[in-house]
Visitor: 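One structure, pasted below without further comment.
Each chain gets a letter, A, B and so on, in the order its sequence line appears, and its residues count up from 1.
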2 protein chains.
Amino acid sequence: MRDVAAQAKVSLKTVSRVVNGESGVSPRLAKRVLAASERLSYRHNLTASSLRRSDGRSRTIGVVIEDVANPFASTLHRAIEDVAVERRVLVLAGSSDEDEQRERELVSAFASRRVDGLIIQSSSHDHRYLMAERKAGVALVFVDRPASGLDADCVVTDNAAGIRRAVRHLVEHGHGRIGYLGDLHLIATAAERHQGYVEELAEQKIRFDPALVRLDLRGIEKAEAAASELLRSSRPPTALIAGQNLITIGAFRALRHLNLNRRVALVGFDDFVLADMLEPGITVIAQDPAAMGRMAAGVLFQRIDGDHSPAQRHTVRTRLITRGSGEIGP
Amino acid sequence: MRDVAAQAKVSLKTVSRVVNGESGVSPRLAKRVLAASERLSYRHNLTASSLRRSDGRSRTIGVVIEDVANPFASTLHRAIEDVAVERRVLVLAGSSDEDEQRERELVSAFASRRVDGLIIQSSSHDHRYLMAERKAGVALVFVDRPASGLDADCVVTDNAAGIRRAVRHLVEHGHGRIGYLGDLHLIATAAERHQGYVEELAEQKIRFDPALVRLDLRGIEKAEAAASELLRSSRPPTALIAGQNLITIGAFRALRHLNLNRRVALVGFDDFVLADMLEPGITVIAQDPAAMGRMAAGVLFQRIDGDHSPAQRHTVRTRLITRGSGEIGP
DNA sequence: GCATGGGATGACAACGTTGTCATGTAGACA
DNA sequence: TGTCTACATGACAACGTTGTCATCCCATGC
């Protein structure tokens, strides 16, 4: 910047004014400055700028998601990015891999870079560690899973209602032995979904049978193994509910390998590409990760802009999409 | 930091030393400093630090990919992140949407934040605009698509060889009328793949028939429409090659809707989840995006660490995975 | 002609940190 | 005891920018 000022024969401050598009610079000088910065291929240093600026904004936000390569999470990420782009804000993204320690490291790394806000799909169960960041002025929004021990905005799916809908759907098709395959029970959403299953069974006056439930399944392989085992048991379920998209895929693999894909019903939580192209198509309770991401980003930027109203919980609805697998009778 | 120094009754510099783990601080003082920063919940400001530091490193890199939510691109992203994490470097990611303008904006935004390096899956055809960044000391690695007009490292798939393998595979199964569905021809990789198709046809002494080729297909819907149209023509192909994963999915949809999925052969470029669960399973030329990401990040960090050896082109092999759809006869 | 006002411009300090160098202190050795 | 060495510590400037305030210049109104 100093070099540009020298070339244009103006003061540093004038260059700063031009770079920031402030008013009060004569067109003649502005032109000279622009020409000089072009010649010297000057690039504004935003880190120095945000260090000095009174509002201290870095025009950067941090996103902590389970895995940037996971379809649900990356759709969230993309939706957040789309909102951020409009505000000329950049997104730092990191994968927590459902590891509490890793989540904290990411938050800490983001905080060191003075992000203006954080959107977190959290793996932790106690978010008090974020109070310091909050106090330091970092806006905070939880997505997919609510905060605990901390009063913060969150954007979540109505997990229990979604799974209850799945149970009802299967009951309407005559099922009484409905198996359940769930993700790590430590994950809040996984627990809510399992809870929905239990509650709706009660509502439907169906006896809860723990032998039909497998929890803590992480990834396609584990889900496939658990589903296989369940289906090969002496009294197998006539229908399965999968509590997460990779689990749905694993369950379908198991059904296929046992040649049961047209015999045993399957309803998955969370939609996925090609679900309609399998045989039969997979009936799912679809979430709307893009809507969640957009909403989370919207709320975050409102907070960054100084909205101090009480924290809110925003719930995004699920939608039942019937494609065949959920309409198989017992 | 000043407050910490005051609390611990030491100078700013001593706090700096402790924070950076420099030697030459007595354990007694270090303890006092640590205690004080804990009490005040002090957070090191990395932006100020990298501003002052002689090496100017921000411990941040930028990644420009087609779409953070695209499976290929997000796998790249994740692999890059894994390498970066080990070096305590954070990743800024952005989606270019195959838009040259957007790519430049992202690069510019990253440069303003003084990233140490950039990994770019480029949508542009002239990368001379990056010379300024390069001269400013930003390391540069191209991934998936090579640089042009600029001598820079790149990590690419052997696209032509992969498609030629697909053509040979279909010829070995008796096909002579092989259709080709390609992505935007402007994308360098798409052009290479199409080129591979043309070359291998010549090699196999099969007359090239432009009526069997559809290019510039973007996304599942367009690919599906083009495949449908091709299959319904008066002299349809007996086999299809799809030049990209979404195109493969679109082509399969078309086959399914026309009930030709067990009659017309299909080989896709780039693997995707559930390809083995379709009926028939989809034979693909698989790329290895994780390996590409790891390699690109490895090369980038070598450059950041001061490696000035000549730029290299790293080629990652493809692999033919047979699953049924490519083994259907004419 | 002179005071007044307003817009353009620049000098200077400060943001939070680290590199450089000077200073202080204690122990080793002659 | 005096000198030297080695190590611990701190004072100060500087990184690239922007906020504050002073200054300058010219037009306007009386």
Side-chain angles (χ1 to χ4, degrees), chain A residues 1-34 36-37 40-60 108-116 133 136-138, chain B residues 1-34 36-37 40-60 108-116 133 136-138:
Chain A
M1 189 151 163
R2 189 167 40 210
D3 300 342
V4 173
Q7 268 253 349
K9 296 199 199 306
V10 296
S11 75
L12 267 177
K13 181 62 206 186
T14 300
V15 179
S16 168
R17 273 193 265 259
V18 173
V19 167
N20 289 291
E22 288 174 31
S23 64
V25 180
S26 68
R28 195 177 48 91
L29 277 199
K31 209 168 189 174
R32 239 162 61 201
V33 169
L34 255 17
S37 42
L40 300 171
S41 63
Y42 162 77
R43 195 42 71 64
H44 187 210
N45 187 330
L46 228 136
T47 62
S49 166
S50 76
L51 179 61
R52 184 59 180 87
R53 282 196 126 87
S54 48
D55 62 4
R57 296 266 180 266
S58 62
R59 308 200 72 80
T60 309
S108 167
F110 290 153
S112 283
R113 280 155 183 91
R114 295 299 186 265
V115 293
D116 301 333
E133 318 302 343
V138 181
Chain B
M1 188 151 162
R2 189 167 41 211
D3 300 342
V4 174
Q7 268 253 349
K9 295 196 200 305
V10 296
S11 75
L12 269 177
K13 181 62 206 186
T14 300
V15 178
S16 168
R17 275 192 264 259
V18 173
V19 167
N20 289 291
E22 287 173 33
S23 63
V25 181
S26 69
R28 194 177 50 91
L29 277 197
K31 207 167 190 173
R32 238 162 63 200
V33 169
L34 255 17
S37 44
L40 300 170
S41 64
Y42 162 77
R43 195 43 71 67
H44 187 209
N45 187 331
L46 226 133
T47 63
S49 167
S50 76
L51 181 60
R52 185 58 181 87
R53 282 196 125 87
S54 49
D55 63 3
R57 295 265 179 266
S58 61
R59 308 199 72 79
T60 309
S108 166
F110 289 154
S112 283
R113 280 154 182 92
R114 295 296 186 269
V115 294
D116 301 333
E133 318 304 341
V138 181

Visitor: Taking the side chain of R28(B) as heavy atoms from C-beta outward, which of dA11(C), dT9(D), dG16(D) is closest to it?
Guide: dT9(D)
Visitor: Could you pick out which residue, R53(B) or V25(B), lies toward the 5' side of DNA chain D when each is mapped onto its nearest nucleotide?
Guide: V25(B)
Visitor: Can you check the L40(A) CG to dG16(D) P distance for me, whole Å?
Guide: 14 Å
Visitor: Measure CZ/R17(B) against C1'/dA11(D) and give the value in whole Å, please.
Guide: 11 Å
Visitor: Let me confirm one number: the CG-CE distance from L40(A) to M1(A), rounded to the nearest 0.5 Å.
Guide: 13.0 Å
Visitor: With a 4.0 Å limit, can you tell me whether T14(B) has a side-chain N or O closer than that to the phosphate oxygens OP1/OP2 of dG10(D)?
Guide: yes
Visitor: Mapping L51(A) and D55(A) to their closest nucleotides on DNA chain D, which lands nearer the 5' end?
Guide: L51(A)
Visitor: Look up atom OG in S108(A) and atom NE2 in H44(B), then write down how far apart they are to the nearest 0.5 Å.
Guide: 11.0 Å
Visitor: Please report the distance, rounded to the nearest Å, between CG in L12(B) and P in dG16(C).
Guide: 11 Å
Visitor: Please find the pair of heavy atoms, one from R59(A) and one from D116(A), that lie closest to each other, and give the distance.
Guide: N-OD2, 2.8 Å
Visitor: Between dG19(D) atom P and M1(A) atom CE, what is the distance in whole Å?
Guide: 11 Å
Visitor: Hydrogens and angles aside, do R113(A) and T60(A) bring a side-chain donor and acceptor to less than 3.5 Å of each other?
Guide: no
Visitor: Tell me which residues in residues 41-48 of chain B lie within less than 4.0 Å of DNA chain C, going by non-hydrogen atoms.
Guide: Y42(B), R43(B), H44(B), N45(B), A48(B)
Visitor: May I have the distance from R32(A) (atom CZ) to dG10(C) (atom P), rounded to whole angstrom?
Guide: 8 Å
Visitor: If I take atom CG in residue N20(A) and atom C1' in nucleotide dT9(C), what distance separates them, rounded to the nearest angstrom?
Guide: 16 Å
Visitor: Keeping R114(A) on the side-chain end and A48(B) on the backbone end, is there a donor-acceptor pair under 3.5 Å?
Guide: no
Visitor: Taking any heavy-atom pair under 4.0 Å as a contact, classify S16(A): base, sugar-phosphate, or nothing.
Guide: base
Visitor: So if I take every side-chain heavy atom of S49(B) and compare against dG10(D), dT18(C), dT9(C), which nucleotide ends up nearest?
Guide: dT18(C)
Visitor: Without decimals, in angstroms, what is the distance between E22(B) CD and dC7(D) C1'?
Guide: 15 Å
Visitor: Using the side chain to side chain contact (heavy atoms under 4.5 Å, CB included) definition, which of the options V18(A), N20(A), V19(A) pairs with S16(A)?
Guide: N20(A)
Visitor: Using a cut-off of 4.0 Å on non-hydrogen atoms, how would the nucleic acid contact of S26(A) be classed: base, sugar-phosphate, or nothing?
Guide: sugar-phosphate
Visitor: Just compare dA11(C), dT18(C), dC15(C) and give me whichever is closest to any side-chain atom of K13(A).
Guide: dA11(C)
Visitor: Across the strands shown, which category fits V19(B) at heavy-atom distances under 4.0 angstrom: base, sugar-phosphate, nothing?
Guide: nothing
Visitor: Whole angstroms only, please: what is the CZ-P distance between R113(B) and dG16(D)?
Guide: 18 Å
Visitor: Would you give the length of the straight line joining atom CG of L51(A) to atom OG of S50(B), rounded to the nearest 0.5 angstrom?
Guide: 9.5 Å
Visitor: Calculate, to the nearest 0.5 Å, the distance between atoms CZ and CG belonging to R17(A) and L29(A) respectively.
Guide: 10.0 Å
Visitor: Would you say the base of dG16(C) and the side-chain of R52(A) have a donor-acceptor pair closer than 3.5 Å?
Guide: no
